[in-house]
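Below: one structure, written as structure tokens.
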Amino acid sequence: MATSTMGRQPLSEVSGEAPRRHEPDDWADELAAGVNGPQVVNDSKTPSGTVHVGSLRGPVILDTIWRALRARGIEAHLLYGVDDLDPMDAQALLTPDAIDREMGRPLAHVPDPAGDCHESYARHFAGIFIETFRGLGIVPERYYWMSDIYPTGDMDSYIRAALDRAQVVRAIYRRVANVQHPDTWHPLSVICESCGKIGTTIVTKWDGARVFYECRETLVTWAKGCGHSGWVAPFGGRAKLPWNLEWAAQWSLLGVTIEPCGKDLSTAGGSRDRSDAIAREVFEREPPLNVPYEFINIGGKKMSTSRGRGAAAHEIVEVIPPEQLRFFFLRPKPNTAVDFEPNQTDAVPRLFDEFDRFAAATAGKPVRGEIAPGFEGTFRYSLLDRDADVAADAALFRPAFSHLALLLQIPNVDVAARVEAEKGSPLTERETDILNERVRAARAWLATYAPERAIVAVRENLPADAVAALADDQRQYLGALADAALSTEATPASGEAWQDLIFAVAAEAGLLNGRAFAALYAAFLGRTNGPRAGWLLASLDAGFVTDRLRTAAAAAAAPQVPA
RNA sequence: GGGCCGGUAGCUCAGUGGCAGAGCACGGGACUUUUAAUCCCUUGGUCGUGGGUUCGAAUCCCACCCGGCUCGCCA
């Protein structure tokens, strides 16, 4: 089965009676096949700054797992936590006078730096990532905010357990992560009653009802404590668990059964190992299934907002619309590191082509070559709308990215009309949206990443090398075309008129069409191929065209290379 | 130093014990108006290296080399 989906039954015919699948699954379906009972899929994030593309693989994987569970008929819930009691530890977005005051305070208590719209720093930046997720079709059933949960008292029993078993916690840190805390260290951060900071406090005693804490000036380098100390009952929102314990407590509180996490946390002796051990030994619950995932690199380097030209996250989003971005994150298995090099390569057009191939295969159309196992799932989970009619969506007309990139460079082309002609019928509303989205992406691609060979530019001067490489009859053809153009009553003005003339002269000269076009592209673009030649010539000044044809016709042939 | 991922055709990658594959690129051919389209054909690999297991290894085991990311304080 090398060339098509031949032999594969349409889904509708299979789903009624076939209890087993013949087709291999994609990784998410495989995962879903391996679990039993209702599932709670969870992840959480500290709202400390803006999100960038590189950090979106996790959420997409999370959402895909949930969709795959649902597709299999498993009861599944998707939760997303906002760790907004975490201390403010990045000063980049603060004004200088706010740094001293705000660094170390819970993010939920820091004012919105944007000023007006949100009640806190945390709400502002969480709002951004919630919006970003929504834009990618990731809509959890519920976002839960730790600043809401602690005051309800729901975390109190976990706080109590952590304090009662402080010695166990210290032993876990020592054993699993080789981190040695002092014997007086307790796993809890109190919000200082005096300065309101949480990142600067340390608990040293626990009497079963209250803790003794100190707000130390030099506990951390990034924030300065006020020196206050005292006894306080650490419940109902007055304190929070440190990261590894909070994570494990969330699993118990919410009944989490699956939680993916990035390789930075999944590493041996890392955060996940610590939290797993804490879940088992302190909260006495098996930790959720981990799905470790690798990161995305750009040109072999870590993705960042401040890379060189073309590698910055915001530029990448401009050339990769949401569904292609989901596809990009989903297609490889989670534990596969992906290196993406968009700059001066055809990586972006290829991503679109791959997506379109998956769509075509899902629609039951024949596709060239082999296609990855589980392609239907991969395509389905790439769609923004999780309830989309997959078959209908797969069958939509999607213009090829590189074709659009070409059309966009030719003057006076009605792209929508050309695409419609290609399809053979009017575009639907959704197809028009897809077209517009791709046109935007293609423009951005041409402006940032496109390699030289994708750029069509009429050369100001004769591309001598390309013309010299032509055969004699091809050069003669160019001269003949100039003569023909000048001898007509008026030089051809329309693309169609030029196109007719190109073919007519070629026929007269007994030149194959392909060789005639190649000669034209060489003379004007210095390449062997290009956009529809008639329309290209029509967009240029007529005098320039005939001059160039004559010059090219008169140019010398390439010297024969001695054998 | 620990961990993870990768090394298979020029490029991007699939291939978890049974004759080394696909797409693209390259080369050749077809086509009298979709010409960066479409169709046909061809070329191309010491599966990172060295051992081991096996009737049989890209695939399993061991060691190593190379590339990259990540961790060791905090989250």
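In what follows, chains carry the letters A, B, and so on, assigned in the order in which the sequence lines appear, proteins first and then strands, with residues in each chain numbered from 1.
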### Query
For atom P, what is the distance between B/rU35 and B/rU16, given to the nearest Å?
41 Å
### Sugar-phosphate only, base, or nothing, as touched by A/Ile502 at under 4.0 Å among non-hydrogen atoms
nothing
## Note on the structure
Quick note, A/Phe517 side chain, CB onward, closest among B/rC5, B/rU35, B/rA75 is B/rU35
### Summary
Here the distance between atom P of B/rG72 and atom CZ of A/Arg274, to the nearest Å, is 7 Å
### Task
Over all heavy atoms of both residues, which pair between A/Val505 and A/Ala480 is shortest? Give the atoms and the distance, please.
CG1-CB, 3.9 Å
### Message
Using a 6.0 Å cut-off, check whether atom CG of A/Asp100 has over 12 heavy atoms from anything other than its own residue.
### Response
no
### Query
Counting any heavy atom closer than 4.0 Å, what does A/Thr46 reach on the DNA or RNA strands: base, sugar-phosphate only, or nothing?
sugar-phosphate
### Message
By the 4.0 Å heavy-atom rule, please label A/Val179 as base, sugar-phosphate, or nothing.
### Response
sugar-phosphate
### Message
Need one value for A/Lys423: base, sugar-phosphate or nothing, where a base atom within 4.0 Å counts as base even if backbone is also close, heavy atoms only.
### Response
nothing
### Message
List the residues meeting side-chain hydrogen bond (donor to acceptor under 3.5 Å, both in side chains) with A/Asp276, not counting sequence neighbours, and say none if there are none.
### Response
A/Arg272
### Message
Any donor-acceptor pair under 3.5 Å linking the side-chain atoms of A/Asp83 with those of A/Gln250?
### Response
yes
#### Entry: Side-chain donor/acceptor contact of A/Asp346 with base of B/rU12 under 3.5 Å
no
### Message
Need to verify one output field. Residue with the more 5' nearest nucleotide on RNA chain B, A/Thr267 or A/Ile455?
### Response
A/Thr267
### Query
Rounding to the closest angstrom, what is the interatomic distance between B/rC60 and B/rC73 at atom P?
34 Å
### Query
Considering the options A/Phe327, A/Trp445, A/Phe328, A/Phe401, which one meets the ring-ring contact (aromatic ring centres under 6.0 Å, His included) requirement together with A/Phe352?
A/Phe401
#### Entry: Among B/rG2, B/rU35, B/rA75, the one nearest A/Leu265 by side-chain distance
B/rA75
### Query
Under a 3.5 Å cutoff on both atom distances, Watson-Crick or G-U, what's the dot-bracket for RNA chain B ([ ] crossing, | other strand)?
((((((((.[[[[.)..(..]]]]..((((.......))))......[[[[[..)....]]]]])))))))....
### Query
Taking the P atom of each, how far is B/rC55 from B/rA22, in whole Å?
32 Å
### Message
I'd like to know if A/Arg57 pairs up with A/Glu294 as an ion pair, taking the criterion as any Lys NZ or Arg NE/NH1/NH2 lying under 4.0 Å from an Asp or Glu carboxylate oxygen.
### Response
no
### Task
For B/rG7 and B/rU43, measure between their C1' atoms and round to the nearest Å.
24 Å
### Query
Which nucleotide, B/rG2, B/rC4, B/rG23, lies nearest any side-chain atom of A/Lys263?
B/rC4
### Task
Check whether any side-chain nitrogen or oxygen of A/Lys333 sits under 4.0 Å from OP1 or OP2 of B/rC13, and answer yes or no.
no
### Message
Between C1' on B/rC74 and NZ on A/Lys240, what's the gap in Å once rounded to a whole number?
### Response
10 Å
### Summary
From CG of A/Asn335 across to C1' of B/rU16 the rounded distance in Å is 14 Å
### Task
Fit a plane to each ring of A/Tyr121 and A/Phe125, take the angle between them on a 0 to 90° scale, and name the class: parallel (under 30°), tilted (30 to 60°) or perpendicular (over 60°).
tilted
### Task
Figure out the CZ/P separation between A/Phe375 and B/rA14, and round it to whole Å.
17 Å
### Task
Please tell me which of A/Ser402 and A/Ser266 maps to the more 5' nucleotide of RNA chain B, matching each residue to the nucleotide holding its nearest heavy atom.
A/Ser266
#### Entry: Whole-Å C1' distance, B/rG68 and B/rA25
26 Å
### Minimum-distance nucleotide to A/Tyr521 side chain [options: B/rA75, B/rC73, B/rU35]
B/rU35
### Task
Please tell me which of the listed nucleotides, B/rC74, B/rU33, B/rG3, lies nearest to the side chain of A/Trp222?
B/rC74
### Task
For the side chain of A/Asp86, starting at C-beta, report the closest nucleotide among B/rC69, B/rA75, B/rU35.
B/rA75
### Query
What's the closest nucleotide to the A/Gln499 side chain, out of B/rU35, B/rG2, B/rU12?
B/rU35
### Query
Between A/Phe401 (CZ) and B/rA37 (P), how many Å, whole number?
16 Å
### Message
Check whether A/Trp145 forms a cation-pi arrangement with A/Arg123 (NZ or CZ under 6.0 Å from the six-membered ring centre, at most 45° off the ring normal).
### Response
yes
### Task
Let me know the distance between CG of A/Leu537 and C1' of B/rU35, rounded to the nearest Å.
14 Å
### Length of the line joining A/Arg357:CZ and B/rC24:C1', which is rounded to integer Å
10 Å
### Task
Quick one: label A/Asp500 by what it contacts on the DNA or RNA (base, sugar-phosphate, nothing), any heavy atom closer than 4.0 Å.
base
#### Entry: C1' spacing across the pair B/rU12 / B/rG6, given as an integer number of angstrom
14 Å
### Message
Mind checking if A/Asn178 touches a base, just sugar-phosphate, or nothing, with heavy atoms under 4.0 Å?
### Response
nothing
### Message
What's A/Pro332 touching, base or sugar-phosphate or nothing? Going by heavy atoms closer than 4.0 Å.
### Response
nothing
#### Entry: Between A/Phe379 and A/Phe375, ring centroids under 6.0 Å
no
### Message
When the P atoms of B/rU8 and B/rU33 are compared, how many Å lie between them, rounded to an integer?
### Response
44 Å
### Task
Using the C1' atom on both, measure B/rG52 against B/rA57 and round to a whole Å.
11 Å
### Task
Please state how far atom CG in A/Asp264 lies from atom C1' in B/rG3, giving the value in whole angstrom units.
12 Å
### Query
Quick one: is the NZ or CZ of A/Lys45 closer than 6.0 Å to the six-membered ring centre of A/Phe129, and within 45° of its axis?
yes
